Amino acid sequence: MERVDVAVVGGGPAGAAAGHAAAEAGASVVVCEKGVPRVDREGLGPDSTDAAGILDYWVDIMGIHPREFPEGVVLRELDRAEFVGPTESCTLRSTGIDSSYDRFGFTMQRARFDDFLRSRAEAAGAEYRVGARVRDVETDLAARGHDPRHVLRMRDDEDVGAEFLVLADGPQRTVTNRVLDRLLPFDVTDRLGSTRANHIAYQEYRRFPAELFDELSDAITFWWGHMPGHTAYPWVFPNDDRVCRVGLTAPIGLDLDSVRGRDQYPLLRPADESIPRGAEYLRRLLELEYGDRYDLDDFPLVEDRGKRGGTETYPISSTRPVESPVRAGVAVAGGAMGTTSAFHEGGDHVAVRTGAIAGRMAAEGDLTRYNEAWRAAVGDELLRNVTLAEMATDYGPADWDRTFRIAREMIASTEDYRVFDRGHATNLGAAKLVADYRLTKLRLRGRRYVQVHEEEYVY
């Protein structure tokens, strides 16, 4: 059996960051990535999925500035986000949070970003193995001497023993759930079941007409209240060469019969007998927004991008955060930890930061303060994410219209979304919105936004 100081399961942003930090701190570390194909990547790599990108202050949370990226990672620099309801909309041109990055944000090519993180980890001395499938992890908390606390049972390779384990296998938690289940007094899938707790996303790479692309090229655009489901929405994110990612996210297994006021959703049809498939939703979105000027044929699929044929489907981590069983020498990071971003628009910043914290602390030989450390680094961000998602639990189209109308009035006087924290209210509706936010946030403070607490583990 091979022995290392730190074993990392998953080679995406969190896993690669953990490998880099552990190796940089002097530990021997192996990153195990099962590897999936993409048409726009040579060879296998992480299950790369292009989320919205990175906002300005996320750069500082992530701890890696885009000037460090190789050419081709950043695709478009952004100056705003557009939020579109059925009848109302608002534009956000500033997050209101100080940042070392001087634009609103940027979209990026995730496969190239993942490759950059891998090369960065390898340059620091981490061993990054693609095609290394972890079948299971056996943990012996009583291990002493030369016996490792954790043994990674590999599907096709030699087993790997390690004193510390970083679980970074994303929102599906294929390995994470097995490890945590043995340390919890309840069935872990009650809270972390991937099909019930997470969302699913589908997106297409389409080349837009030149004039329309010029209109959209500096903005990420979200349509809220257009399709049913908690925090369900379609989007358009600009890339390069007139290509946009047109996609959506929605809860898994939503039943159309449970949808109230279904006639209010612009992307549903009276003849629908079930929730439309992702491709159908996106066809309807393009027709709704641009059908007065263009035909669907004016938005051809770009088949040499994405996972296959210009499309990709992937899970999104929408569960509340999970604290780690640190006394067992285990840290959970990134998408496996949960709620990496508000409304799922991209969580690479939280993944990289939590992975880096886990890798460094594991290399130093003590993970006991990991939960405290990630809460100090990203706790405010995750609390805000959970608060906003909680507020929108029962939102329908009229609620999103009301919110965007109020937000537009509030943003007009402050120019950023921190109006909710500052409590600036322009009228009674704004005062109620601010009060709802503050009360929800107050209710979730003090680790109440976490769904699995450290003290719940049984060692």
Side-chain angles (χ1 to χ4, degrees), residues 3-33 60-64 117-118 120-128 134 137 139-141 143 148-152 160-170 173 175-176 179-180 183 321-340 347-382 447 450 452-457 459:
R3 289 291 304 273
V4 294
D5 298 322
V6 182
V8 182
V9 179
H20 170 266
E24 195 171 53
S28 58
V29 54
V30 60
V31 179
C32 299
E33 166 55 47
D60 298 306
I61 289 179
M62 185 166 61
I64 306 173
L117 292 176
R118 172 184 176 176
R120 181 171 170 265
E122 290 177 327
E127 184 173 358
Y128 188 110
V134 179
V137 177
T139 296
D140 181 2
L141 301 183
R149 255 196 301 190
H150 307 287
V151 176
L152 277 62
V160 178
E163 184 65 16
F164 294 96
L165 174 67
V166 178
L167 296 169
D169 53 344
R173 300 184 178 96
V175 177
T176 294
V179 174
L180 299 188
L183 297 171
V322 175
E323 291 185 345
S324 297
V326 291
R327 286 172 51 198
V330 176
V332 186
M337 194 180 78
T339 314
T340 49
D348 297 325
H349 60 309
V350 172
V352 169
R353 185 64 175 274
T354 55
I357 294 171
R360 174 180 54 80
M361 298 184 82
E364 292 171 352
D366 186 3
L367 276 176
T368 55
R369 295 176 62 84
Y370 170 66
N371 292 318
E372 180 181 340
W374 71 249
R375 288 197 303 270
V378 300
D380 288 346
E381 172 80 347
L382 297 185
R447 297 170 62 210
V450 172
V452 176
H453 293 85
E454 180 181 339
E455 53 268 26
E456 293 184 86
Y457 292 103
Y459 298 97

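Note that the coordinates shown come from a computational prediction; the quantities given were computed from them, not determined experimentally. Computed from heavy atoms alone, side chains included, the values below leave out hydrogens, waters and symmetry copies.
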Backbone N/O of Gly11 and side chain of Tyr128: donor-acceptor pair under 3.5 Å: yes
Closest heavy-atom pair and its distance - Ala14, Ala168: CB-CB, 3.9 Å
Pair Leu367-Ser324, side chain to side chain contact (heavy atoms under 4.5 Å, CB included): steps then yes or no: CA-CA 9 Å; Leu367 276 176; Ser324 297; over 6 Å; no
Derivation of the side chain to side chain contact (heavy atoms under 4.5 Å, CB included) call for Val160 and Val134: CA-CA 10 Å; Val160 178; Val134 179; over 6 Å; no
Derivation of the side chain to side chain contact (heavy atoms under 4.5 Å, CB included) call for Glu454 and Val326: CA-CA 8 Å; Glu454 180 181 339; Val326 291; 3.3 Å; yes
Atom of Ala23, atom of Ala126 and distance for their closest heavy-atom approach: CB-N, 3.4 Å
Result of checking Val166, Val8, Asp5 against Val29 for side chain to side chain contact (heavy atoms under 4.5 Å, CB included): Val8
Minimum-distance pair of heavy atoms, taken over all atoms of Pro13 and Leu117: CA-CD1, 3.6 Å
From Arg353 atom CZ to Ile64 atom CD1, the distance as rounded to the nearest 0.5 Å: 11.0 Å
NE2-CD distance between His20 and Glu122, expressed to the nearest 0.5 angstrom: 11.5 Å
Residue pair Tyr459 / Pro325: nearest heavy atoms and the distance that separates them: OH-CA, 3.1 Å
Main-chain N/O of Ala328 paired with His150 side-chain donor or acceptor, under 3.5 Å: yes
Contacts of Asp60 that satisfy side-chain contact (heavy atoms from CB on, under 4.5 Å) - sequence neighbours left out: Ser99, Ser100
Test side-chain hydrogen bond (donor to acceptor under 3.5 Å, both in side chains) applied to Arg369 - qualifying residues, sequence neighbours left out: Glu372
Main-chain N/O of Leu180 paired to Tyr457 side chain as donor or acceptor, under 3.5 Å: no
More than 12 heavy atoms from other groups under 6.0 Å of CG on Asp380: no
N/O donor-acceptor pair under 3.5 Å between Glu381 side chain and Val378 backbone: no
Atom pair CG (Asp366) and CE (Met361), whose distance is rounded to the nearest 0.5 Å: 6.5 Å
Closest approach of Ala22 to Ala363 (non-hydrogen atoms, all atoms of both residues): O-CB, 3.5 Å
Nearest-0.5 Å distance, CG of residue Asn371 to CD1 of residue Ile357: 10.5 Å
salt_bridge(Arg447, Glu323) N-O dist < 4.0 Å: yes
Spacing of Leu141 atom CG and Leu183 atom CG [to the nearest 0.5 Å]: 6.5 Å
Heavy-atom closest pair, residues Val322 and Trp374: O-CZ2, 4.0 Å
Evaluation steps, side chain to side chain contact (heavy atoms under 4.5 Å, CB included), between Thr354 and Tyr370: CA-CA 9 Å; Thr354 55; Tyr370 170 66; 3.8 Å; yes
Flag, side chain of Asp169 to backbone of Gly10, donor-acceptor distance under 3.5 Å: no
Close side-chain approach of Leu152 to Leu165, heavy-atom, < 4.5 Å: yes
Partners meeting salt bridge (Lys or Arg N to Asp or Glu O under 4.0 Å) with Glu24 (sequence neighbours left out): none
